[in-house]
Amino acid sequence: MRKIWLVVKREYLTRVRTKGFIIGTIALPLFTAGVLILPIVMAKRQTGNTQQIAIVDQTGALAANIVAGLDEKLPNGQPAYRVVRTVDQPGDLSGLRQQLRAEVNAGKLDGYFIVPQDVLTGKPAEFYSKNPASELTSLGTIRRATSGAVISLRLKQRGFEAEKLNDLVRGVEVTFIKITREGEVEEKGQTFMTAIVMAMVLYMTLIVYGVMTMRSVLEEKNTRIVEILVSSLRPFQLLMGKILGVAAVGFTQYVIWGIFGSLVAGYGVAMATAFSPGASLPKIDLPVSHLIYLAAFFLAGYFLYASLYAAAGAMASSDEDAQQVQMPMTLMIVLSFLLFTVILRSPNSTLAVVLSLIPFFAPILMILRIAIQTPPFWQIAASLVLTVGTGLALVKFSAKIYRVGILMYGKRPSLAELLRWLRYT
Amino acid sequence: MDALVLDGVTKRFDTLTAVNHLSLCVREGAVFGLLGPNGAGKTTTLRMIMRIMIPDEGTIQVLGQPASDRTQDLIGYLPEERGLYQRMKVREALVFLAALKGLSEAEAARRVQTWLERFELSAWGEKKINDLSKGMQQKAQFIAAVIHQPPILILDEPFTGLDPINAALVKDIMLELRGGGATIILSTHRMEQVEMMCDSICLVNHGQSVLAGDLRAIKQSYGKNTLRIEYSGDGNFLDLPELVESVNHYGTVTEAKLKTGADPQEILKTAVARGVRISRFELVEPPLNDIFIEKVGEAHA
């Protein structure tokens with residue numbers, strides 16, 4: 001145990017002190033936070049200008065309603081549009097166009113709007129400005145204002161009152177409520193979010209820290225230090241220490257990211273509520289049981305894959321070798337992530353149940369199922385037992401491969417050779 | 001008590017039998033030479049003693065106990081394949097390796113300091129191993145092997161890559177440790193080192209012991225059958241097929257192996273008759289180098 005602990009400590013300290021770790025752990029969340037926070041800050045600071053526009057209404061009946069519909073406000077409270085001129089049923093349209101265009105080019109006007117005579121029967125209205133693309137968000141406002149005005153007019157022509165009709169055709173909201181064993185939770189998309197976040201975290205962890213374990217084994221092998229190491233402790237102890245040490249590195253990284261994450265999220269929520277008071281963000285509340293399951297599958301999956309990656313490192317003699325040897329593991333992890341959609345569509349189908357019991361897929365898929373629709377406890381337990389059991393068997397298997405592999409240099413072993421390695425003592 | 005006893009130790013890899021029923025015995029306090037050509041099974045034997053590999057057959061006893069994880073700490077090991085953590089600091093790496101051998105980290109740190117000073121490496125303690133020259137890395141590795149003061153020390157080619165001053169330092173430390181009661185197992189291809197340092201040897205070929213025992217006794221058993229000559233003039237006076245079996249020119253010294261029953265006086269006569277000036281003419285036991293070649297060559301023939 002003491003020797004395992006020494007290996008864990010060395011592995012942890014040498015990794016945590018590297019530039020790569022510090023940059024990855026500190027800079028990444030700072031960067032992410034920056035990307036998230038900057039736009040909010042910028043949006044708050046941004047004042048923008050009220051657009052001076054003109055409306056040319058060939059029907060002579062819509063302009064007032066359109067003006068009323070252009071009620072968008074800039075973040076600083078000023079109106080987004082000010083209609084400086086309306087022209088009803090102009091005599092000389094092309095002359096007027098030329099004049100308006102000149103005014104836009106001279107900067108007296110930001111844009112003008114031409115509503116054609118037969119807009120009521122479907123002819124499009126036209127909005128002219130120097131840079132319509134930069135106002136993509138306000139295009140919606142313009143479109144809504146025009147449509148609203150046209151619809152009101154049409155209704156009026158047929159003898160309806162627009163206000164009354166709006167009351168009649170108003171839609172009804174549907175609230176989605178998720179039934180769980182604990183009770184009922186309002187569904188605002190948080191289940192999907194939780195599921196995808198949990199699966200993503202597992203997916204990244206398995207690959208990133210698996211590969212880290214593999215590189216560590218390969219480094220000891222290539223620098224030949226491994227011969228001194230295994231003359232002081234059993235290969236199994238070395239393997240275990242390595243896996244645990246890398247796990248500790250991962251844990252540290254997640255704790256730091258977790259703290260950053262909650263700070264950023266807290267700031268984000270504060271900002272969002274400042275912008276639109278009363279808006280409620282979908283609350284992601286994880287039941288404690290989910291966290292425990294997450295931790296259990298996290299560990300089981302990590303052990304299973306890390307031991308395989310370590311064996312891969314022991315088989316390889318170079319980075320290129322390692323790239324190839326790790327393929328099966330990486331494919332397995334990617335595949336379990338791709339099976340996401342199967343689970344999401346029908347989390348309790350036979351296929352989903354079977355897939356989530358297969359140890360190599362279980363960590364990611366069972367976590368998904370738990371997040372989406374918690375399966376019966378026996379399934380969770382069976383999946384966990386299978387994963388842990390396979391994990392333990394694979395640690396033993398990998399330790400054997402490791403024991404032989406770390407002292408073999410040169411050619412990568414074939415499958416037949418690998419099987420023979422298992423028989424060596 | 002014997003420091004090390006191997007009895008019928010065998011290790012097979014697929015079709016290759018790397019070590020084949022090897023038995024040997026190393027007296028406590030001895031300097032023991034494990035010799036043999038490349039691929040003879042020396043490294044595999046050492047790895048089995050270190051419990052890096054486990055024999056398929058046979059037993060290994062270390063200081064009276066069967067080899068196990070616990071006997072690992074009784075042995076210091078300098079493997080032929082050198083290597084240290086390239087990106088770790090010298091001091092840290094050595095403390096780690098010493099702690100793995102059972103020292104407390106505080107004690108390990110204290111001893112690392114002493115050893116670094118002894119090897120004039122104390123200025124490099126906080127440098128990464130990567131920044132050290134090859135010779136310095138070699139010295140650091142030697143420290144890792146001896147730092148826990150093991151009763152048994154296995155050194156595989158301990159002098160390669162060292163300049164004469166450092167080689168002398170390593171040799172002095174070996175003698176010092178031996179004086180303190182340590183048993184040293186030396187594996188090397190440098191026969192003159194073996195002759196100067198070892199009490200007893202085991203010559204391994206194809207995984208089997210072909211010659212073992214007290215070095216002096218082995219040499220005596222061959223008798224004084226070799227002429228060591230220094231001369232100036234034409235060397236063809238040694239072309240005497242009925243008297244001389246083989247000739248080795250080393251530059252200043254020439255060694256000639258005599259045929260059984262040949263009289264060295266005849267050779268001296270020939271030399272004098274041909275006007276060769278002799279400055280040294282000595283009848284000696286055969287050098288270990290010749291015994292090695294003879295024994296290994298025999299097996300190959």
Side-chain angles (χ1 to χ4, degrees), chain A residues 1-15 17-21 215-238 241-242 245 317 400 402-410 413-414 416-425, chain B residues 11-15 18 43-44 46-57 68-89 92-105 108 128-130 137 140-141 144-145 147-148 150 154 156:
Chain A
M1 266 329 276
R2 180 177 172 270
K3 289 185 176 180
I4 295 183
W5 167 242
L6 285 168
V7 176
V8 172
K9 198 168 128 189
R10 190 207 78 85
E11 195 72 34
Y12 180 78
L13 289 179
T14 49
R15 271 179 202 286
R17 277 193 237 138
T18 57
K19 281 195 199 82
F21 179 85
R215 295 204 162 278
S216 171
V217 172
L218 191 60
E219 190 202 346
E220 283 177 1
K221 185 175 164 172
N222 279 344
T223 56
R224 307 293 199 254
I225 182 132
V226 73
E227 183 145 5
I228 296 193
L229 295 177
V230 292
S231 75
S232 308
L233 39 54
R234 272 182 287 137
F236 178 77
Q237 293 175 312
L238 183 57
K242 203 164 272 305
S317 289
K400 280 200 153 188
Y402 186 73
R403 165 160 225 143
V404 181
I406 45 178
L407 295 171
M408 298 272 182
Y409 303 108
S414 68
E417 277 171 306
L418 213 57
L419 291 176
R420 280 202 297 273
W421 284 13
L422 291 176
R423 291 204 300 270
Y424 293 162
T425 40
Chain B
K11 183 77 195 172
R12 295 184 194 90
F13 300 108
D14 298 332
T15 52
T43 303
T44 306
L46 297 180
R47 284 177 175 174
M48 284 190 286
I49 296 170
M50 288 316 300
R51 285 299 272 191
I52 295 171
M53 289 175 180
I54 295 161
D56 296 330
E57 288 168 36
S68 69
D69 300 337
R70 254 173 302 136
T71 57
Q72 278 189 331
D73 290 354
L74 298 174
I75 313 175
Y77 181 42
L78 179 72
E80 188 186 7
E81 296 270 21
R82 304 293 152 78
L84 287 167
Y85 288 108
Q86 292 297 309
R87 280 174 295 175
M88 257 178 116
K89 289 176 184 160
E92 270 176 357
L94 289 177
V95 169
F96 169 68
L97 291 174
L100 274 188
K101 281 292 187 188
L103 294 184
S104 74
E105 282 175 85
K128 288 194 176 152
I129 293 185
N130 221 356
Q137 292 193 29
Q141 193 120 35
I147 193 157
H148 60 298
I154 295 180
D156 201 341

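If you're wondering where the values come from, they're calculated on a predicted model, not measured in any experiment. Heavy-atom basis, side chains included; hydrogens, waters and symmetry copies ignored. Just so we're on the same page: letters track the sequence lines, and every chain starts at 1.
Heavy-atom minimum distance, Q72(B) versus V230(A): NE2-O, 3.1 Å. Minimum interatomic distance between F96(B) and L6(A) (heavy atoms only, all atoms of both residues): CE1-O, 3.5 Å.
Separation of atoms OG (S231(A)) and CZ (R47(B)) is listed at 10.5 Å; rounding is to 0.5 Å. Rounded to the nearest 0.5 Å, atoms CE (M88(B)) and CD1 (I225(A)) are 8.0 Å apart. Residue S232(A) holds its OG atom at 11.0 Å from CG of D69(B), rounded to the nearest 0.5 Å. The CD atom of E81(B) sits 11.5 Å away from atom NZ of K221(A), with the distance rounded to the nearest 0.5 Å.
Note: R2(A) leads E219(A), R234(A), R2(A) in heavy-atom pairs under 4.5 Å with chain B. Counting heavy-atom pairs closer than 4.5 Å to chain A, the top-ranked of the candidates P79(B), A144(B), A93(B) is P79(B). Between chain B and the residues L233(A), L13(A), T18(A), T14(A), the largest count of heavy-atom pairs under 4.5 Å involves L233(A).
With sequence neighbours excluded, the residues satisfying side-chain contact (heavy atoms from CB on, under 4.5 Å) with R82(B) are L78(B), Q138(B), Q141(B), E157(B), T160(B). Remark: R17(A) pairs with E92(B) by the salt bridge (Lys or Arg N to Asp or Glu O under 4.0 Å) rule, at least two apart or across chains.
In summary, K3(A) and D73(B) engage in a salt bridge, as defined by a charged side-chain N under 4.0 Å from a carboxylate O.
A donor-acceptor pair is defined here as one N or O able to donate and one able to accept, closer than 3.5 Å; no such pair exists between the side chain of R10(A) and the backbone of L97(B).
At least one side-chain heavy atom of Y85(B) sits less than 4.5 Å from a side-chain heavy atom of L229(A). Using a 4.5 Å cut-off on side-chain heavy atoms (C-beta onward), E227(A) and D156(B) make no contact.
Crowding of F236(A) atom CZ: a count of heavy atoms from other residues, nucleotides or ligands under 6.0 Å not exceeding 12.
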